[in-house]
There are 2 protein chains.
Amino acid sequence: MPAVSKAKPAPNGRGRRAARASGDERERAILETAERLLEERPLSEISVDDLARGAGISRPTFYFYFPSKDAVVLTIIDRLVAAAADSREEALKMLAAGEPRAGLRQALEDLYGAFRSRRAVSLAAAELRMTNPEARELWSQVMEGWVADTAAVIEAERTRGTAPPGQPARDLAIALVQMNERVQYATFTEEAPSLDEDRVLDVLVDIWLRAIYGTAEPS
Amino acid sequence: MPAVSKAKPAPNGRGRRAARASGDERERAILETAERLLEERPLSEISVDDLARGAGISRPTFYFYFPSKDAVVLTIIDRLVAAAADSREEALKMLAAGEPRAGLRQALEDLYGAFRSRRAVSLAAAELRMTNPEARELWSQVMEGWVADTAAVIEAERTRGTAPPGQPARDLAIALVQMNERVQYATFTEEAPSLDEDRVLDVLVDIWLRAIYGTAEPS
DNA sequence: CAAGCCTATCAACGGTGTGTCGAGAAGATC
DNA sequence: GATCTTCTCGACACACCGTTGATAGGCTTG
C-alpha cells in the first residue's frame, strides 16, 4: 500500500483525505450510498463499483476519496459507535443513582435502541469484523468500554452490599455484555432461534438481574 | 450451474458426487487440506487453488469433487456438528438424573470441549455463516436443538418445583445458548475482552444456574 | 496574465480469484 | 478393441480489485 498521496495527515485515522470544497459532497455521497445499499444487501455483495456508481463517479475516482470499501464502512461504523457511546453515558448516570431494575432496563434499552436504529450498519460491522483487523480492533474497544462500566457497577453493588459475591465482576461483565451482543444480533437478523423484538429486553434484563443480584442455590 | 454430471443422486445433500475408487482419496485429501489450512489462516484467505494444490490436483479438477470452497467447509462442519450432537445427548442424560450444578457443568463442559477440540473448524463455521445461507441454515438447526433441550430442562425443573417461575423457558434458553456461543467464540479467538480458557466454564455455569434457579430481588 | 500548483477525474492496465468448457488419458466392461 | 465411465487439466470468460498516467479546471502568485 503506497502512501495515500502525501497530503495533510488525515484528521481521522481512517486514511481518507481531509477533503475540501466539492469533494466533500462526493465523500458524503459515497457514505450515503453505502448506507443505502447496506439496507438492501449484505456488505459482501456490495462492490467498490457499486459505491462509485451510486455516488455518480467512476471506480478510480472512488479511490481518491477512500482507500477501500472497508474504509468507507469503518467510517460509518465509527459514527454509530460514537452515537452509542453517548447512549452509554446517559445510561450510566441513570444506573448510578438508584433503582437497579429500572436503571438497568433503561441502560440496556438505550443501548439496544442505538443499534436497532441503525440495524443495517450494525450487521455490516459484524460482517466486517470477520475479515478486517481494524474493524475487530474498533469493536474490541467498544466491548471493552461496556465491560469496564458494567464491571464497575457490579463492584459498586457488591461493596454497597446490595449484590452478593460471586464470580469476578469483570468476568461476569464480559459474559453478560457478549450475551447482549449475540442476542441482539440474532434479533436483528431474525435468524432461526431468536428473541422477538418486543421480548428481548425483558429477557436480557432478567438474566442480568439474576446474574448480578441473585444467588442460585438449587436444592 | 449445469448438472453435476448425471451420476447417482449424491448420498449427501451437499452436492458432491458419490465418488469411487481413487477419487475417494482425492476427496479426503481435499478435506484434510482444508482442515490443515484452516489451522493456519482464516477461511477468507484460502482459495480454491490452495485447496487443489494442497490435494495435489489442478483447480479445474477440484471442481470435479466439490462445487465450491464453501461446499468443502460445509462438509467439514457437518461432521463437527454431528460429533457435537453426540456430546449433547451424553450431557442430557447426566442432567436428567440429578444434581443440577454438577450435571449442568458436565453438559456445558462437553459442549465446550466438542468445539474446542476443533477450534479452527468452529471459527470457519462462524465466518462462513456470514456469507453462506446454507451454513446459516445448518447452524440454525444446531442452535435450535440446544435451545429445545435447554427449554425442556427448564420446564421440567419448574414443574418439579426446583426452579422458580420467570421468563418463558424457551426465551431464557435462547439467550443462554446464544451467550455460550458468543462467549466461547471470544475465548477461542482470544479477542479483546474475553474469558480465559480456564475460567470460561465457571462463569457460564454460574450464570446459567442463577438464570434458571435464582430469583433476583434487588433491595 | 502566464506559470505553476493543487483538486478532481477517468481510461486503460495488470493482477487475483472464480467457475466452465472441451479435449483428452486411463482403466474397467462388453 | 470398441465403448463407457472416471478423472484430469489447459484455456477461456468473467468479476473485482487497486494503480498508473494523462488531463482538465480552478486558485494562487509573482
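The chains referred to below are lettered A, B, ... by the order of the sequence lines, with proteins before strands, and numbering in each begins at 1.
Applying the side-chain hydrogen bond (donor to acceptor under 3.5 Å, both in side chains) criterion to Ser140(A), with sequence neighbours excluded, gives no partner residue.
Straight-line distance from the CZ atom of Phe62(A) to the C1' atom of dT19(D): 14 Å, rounded to whole Å. Rounding to whole angstrom units, CZ of residue Phe66(A) and C1' of dT19(D) are separated by 19 Å. Between the CG atom of Asp70(B) and the C1' atom of dT18(C) there is a distance of 12 Å, given to the nearest Å. Rounded to an integer number of Å, the gap from Phe64(B) CZ to dG19(C) P is 17 Å.
Among the nucleotides dT8(D), dT9(C), dG18(D), the one closest to any side-chain atom of Tyr63(A) is dG18(D).
Contact check, Tyr65(A) against dT9(C): a side-chain N or O comes under 4.0 Å of OP1 or OP2. OP1 or OP2 of dC7(D) has not a single side-chain nitrogen or oxygen of Thr61(B) nearer than 4.0 Å.
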Determine, step by step, whether Glu45(B) and Lys69(B) satisfy the salt bridge (Lys or Arg N to Asp or Glu O under 4.0 Å) criterion, reporting the C-alpha distance in whole Å, the side-chain angles of both residues, the deciding distance to 0.1 Å, and the verdict. CA-CA 11 Å; Glu45(B) 286 169 28; Lys69(B) 180 177 79 172; over 6 Å; no

Decide side chain to side chain donor-acceptor pair (under 3.5 Å) for Ser47(B) and Asp50(B); before the verdict, give the C-alpha distance in whole Å, the side-chain angles of both, and the deciding distance to 0.1 Å. CA-CA 5 Å; Ser47(B) 71; Asp50(B) 293 333; 3.3 Å; yes

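Counted by atom type alone, Gln184(B) and Arg116(B) present zero donor-acceptor pairs between their side chains at under 3.5 Å.
Ring geometry for Trp139(B) versus Trp146(B): interplanar angle over 60°, hence perpendicular rather than tilted (30 to 60°).
Panel note: side chain Thr150(B), backbone Ala173(B); no donor-acceptor pair is recorded below 3.5 Å.
Contact check of residues 40-60 of chain A against DNA chain C (heavy atom, cut-off under 4.0 Å) returns Ile57(A), Ser58(A), Pro60(A).
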